[in-house]
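Basis for what follows: all heavy atoms, side chains included, without hydrogens, waters or symmetry-related copies. In what follows, chains are A, B, ... by sequence order, proteins preceding strands, each numbered from 1.
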There are 2 protein chains.
Amino acid sequence: MLIELDFNSQKPIYEQLYEQIILSIAKGTLTSGDSLPAVRTLAEEIGINLHTVNKTYNILKDEGYLLIDRRKGALVSKLPITPKTEYHDHFLDELQLLTAKSHLMGMKEDDFIAACKNYFNHYKGEL
Amino acid sequence: MLIELDFNSQKPIYEQLYEQIILSIAKGTLTSGDSLPAVRTLAEEIGINLHTVNKTYNILKDEGYLLIDRRKGALVSKLPITPKTEYHDHFLDELQLLTAKSHLMGMKEDDFIAACKNYFNHYKGEL
DNA sequence: TATTTGTTATACAACAAATATAACAGGTAA
DNA sequence: TTACCTGTTATATTTGTTGTATAACAAATA
């Protein structure tokens, strides 16, 4: 498991870990059914406390990205996930804010869409 | 100034304020050169401390959305803003994470782009 | 001079983030 | 059974963030 943390970032550790796991799933480095390292293993591997890893795993579980099996540990869910409406609304709020920012930075609609397509090309074909 | 705060949200007050000001500028409710309420005025108006408003104004200043003039107070910057590369990189990171999430939620590229276009339609013609 | 700006400083309370230990409960395998 | 591996729970501590409360300061205005 390749995780890179910036301990000087203003972004919390559990959030950095959260984001990197989501990106790994989207890119196909992790796929449905794959098991993640045990909380103690990953914690030691990247030099943080086991509770911090556990917190990340539980958020990912609540949002539908992971299943936590007492026997096997944390597993990547069957994709696509089916998020709660609350989570989906939050997702749209974030998207609205990002589009607003891009507009104020002078990006045209086409520029923004081109950037999106660029990212989507890294996700093609999995799930 | 129409601001709606949720004091039960897990999102900090200064961040809620930050987001609503950005959306107001993007939608044209606030435009280049407009002055925002004085920190004390807005703080009293929405029932929070002046330092919380001041924190928001300063973040918006650092990111380029506002100019803070000692005589006139806080003004909306000339648009479009020209963000620091650091801020632009952060913007792209957020966009990447959002596209990844949408992919894992089963959204197709076209669905995502349709949602983006929908937001951009509210921004047309200003700046 | 009095008022209005943002700014700075200090203190305090409440909360979140992260760590440190320890112990517990369920499942697996020697 | 015993030992070991999961995640889980509980408690305590440290540190940083958030938000409030007061007070004072400097610059510009009227």
Side-chain angles (χ1 to χ4, degrees), chain A residues 1 3-22 25 30 32-77 90, chain B residues 1 3-22 25 30 32-77 90:
Chain A
M1 193 81 191
I3 300 293
E4 300 210 351
L5 297 179
D6 175 3
F7 294 99
N8 297 322
S9 170
Q10 73 277 31
K11 188 171 296 189
I13 297 172
Y14 78 92
E15 233 175 274
Q16 296 182 45
L17 184 55
Y18 164 89
E19 294 179 0
Q20 291 184 44
I21 290 174
I22 287 186
I25 302 175
L30 289 171
S32 295
D34 280 1
S35 68
L36 279 73
V39 288
R40 289 171 179 79
T41 309
L42 183 54
E44 192 177 16
E45 191 178 324
I46 58 185
I48 62 175
N49 190 274
L50 107 183
H51 291 102
T52 307
V53 176
N54 196 50
K55 178 172 184 172
T56 299
Y57 279 12
N58 273 287
I59 294 174
L60 288 166
K61 180 190 73 176
D62 290 343
E63 293 182 354
Y65 297 104
L66 298 184
L67 293 174
I68 295 185
D69 186 317
R70 205 165 252 277
R71 297 164 296 178
K72 307 175 188 169
L75 305 177
V76 177
S77 298
H90 179 246
Chain B
M1 193 82 189
I3 300 292
E4 299 209 352
L5 298 179
D6 175 4
F7 294 99
N8 296 322
S9 169
Q10 73 278 30
K11 188 170 295 189
I13 296 172
Y14 78 92
E15 234 177 273
Q16 296 182 44
L17 184 55
Y18 164 89
E19 294 179 359
Q20 291 184 42
I21 291 174
I22 288 186
I25 302 174
L30 289 171
S32 295
D34 280 1
S35 68
L36 278 74
V39 288
R40 289 171 180 80
T41 308
L42 183 55
E44 193 178 12
E45 190 177 326
I46 58 185
I48 62 175
N49 191 274
L50 106 184
H51 290 102
T52 307
V53 176
N54 195 50
K55 179 173 183 172
T56 299
Y57 279 13
N58 273 288
I59 293 173
L60 288 166
K61 181 190 73 177
D62 289 343
E63 294 182 353
Y65 297 102
L66 299 183
L67 293 174
I68 295 185
D69 185 316
R70 204 167 252 275
R71 297 163 295 177
K72 306 177 190 169
L75 305 177
V76 177
S77 298
H90 178 245

Under a 3.5 Å distance rule, please check whether [X] uses its side chain to pair with a backbone N or O of [Y] as donor and acceptor.
X: A:Thr56; Y: A:Leu17; value: no
X: B:Asp34; Y: B:Leu30; value: no
X: B:Ser35; Y: B:Ala74; value: no

Given atom [atom1] of [X] and atom [atom2] of [N], what is their separation to the nearest angstrom?
X: A:Leu66; N: D:dG7; atom1: CG; atom2: C1'; value: 13 Å
X: B:Leu42; N: C:dT5; atom1: CG; atom2: C1'; value: 15 Å
X: A:Lys55; N: C:dA16; atom1: NZ; atom2: P; value: 9 Å
X: A:His51; N: C:dT21; atom1: NE2; atom2: C1'; value: 9 Å
X: A:Asn49; N: D:dT15; atom1: CG; atom2: P; value: 15 Å
X: B:Glu15; N: D:dT17; atom1: CD; atom2: C1'; value: 12 Å
X: A:Leu75; N: D:dT6; atom1: CG; atom2: P; value: 13 Å
X: A:Asp69; N: D:dT8; atom1: CG; atom2: P; value: 11 Å

Inset, instruction - Give the minimum heavy-atom separation between A:Ser77 and A:Ser32, together with the two atoms involved. - result: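 Residues A:Ser77 and A:Ser32, closest heavy atoms: O-OG, 3.1 Å.
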
Inset, instruction - Would you check, one step at a time, whether the test side-chain hydrogen bond (donor to acceptor under 3.5 Å, both in side chains) holds for A:Glu19 with A:Tyr14? - result: CA-CA 9 Å; A:Glu19 294 179 0; A:Tyr14 78 92; over 6 Å; no

Legend entry - D:dT8 OP1/OP2 closer than 4.0 Å to side-chain N/O of A:Asn58: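 Yes, such a contact exists.
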
Inset, instruction - Report yes if at least one side-chain N or O of A:Thr52 is closer than 4.0 Å to OP1 or OP2 of C:dA17; otherwise report no. - result: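 Looking at the OP1 and OP2 atoms of C:dA17, neither is under 4.0 Å from any side-chain N or O of A:Thr52.
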
Legend entry - base_contact_polar (C:dT7 base, B:Arg40 side chain, donor-acceptor, <3.5 Å):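 For B:Arg40, whose side chain was compared with the base of C:dT7, there is a donor-acceptor pair (under 3.5 Å).
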
Legend entry - Contact nearer the 5' end of DNA chain D, comparing B:Ile13 with A:Leu50: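 First, find each residue's nearest nucleotide; the 5'-ward one identifies A:Leu50.
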
Inset, instruction - From the options D:dG19, C:dT19, D:dT20, select the nucleotide whose nearest atom is closest to the side chain of B:Tyr14. - result: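 Out of D:dG19, C:dT19, D:dT20, the nucleotide with an atom closest to B:Tyr14's side chain is D:dG19.
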
Inset, instruction - Using the closest heavy atom to pick a nucleotide of DNA chain C for each, name whichever of B:Ala38 or A:Arg71 lands nearer the 5' end. - result: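 Closer to the 5' end of DNA chain C: B:Ala38.
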
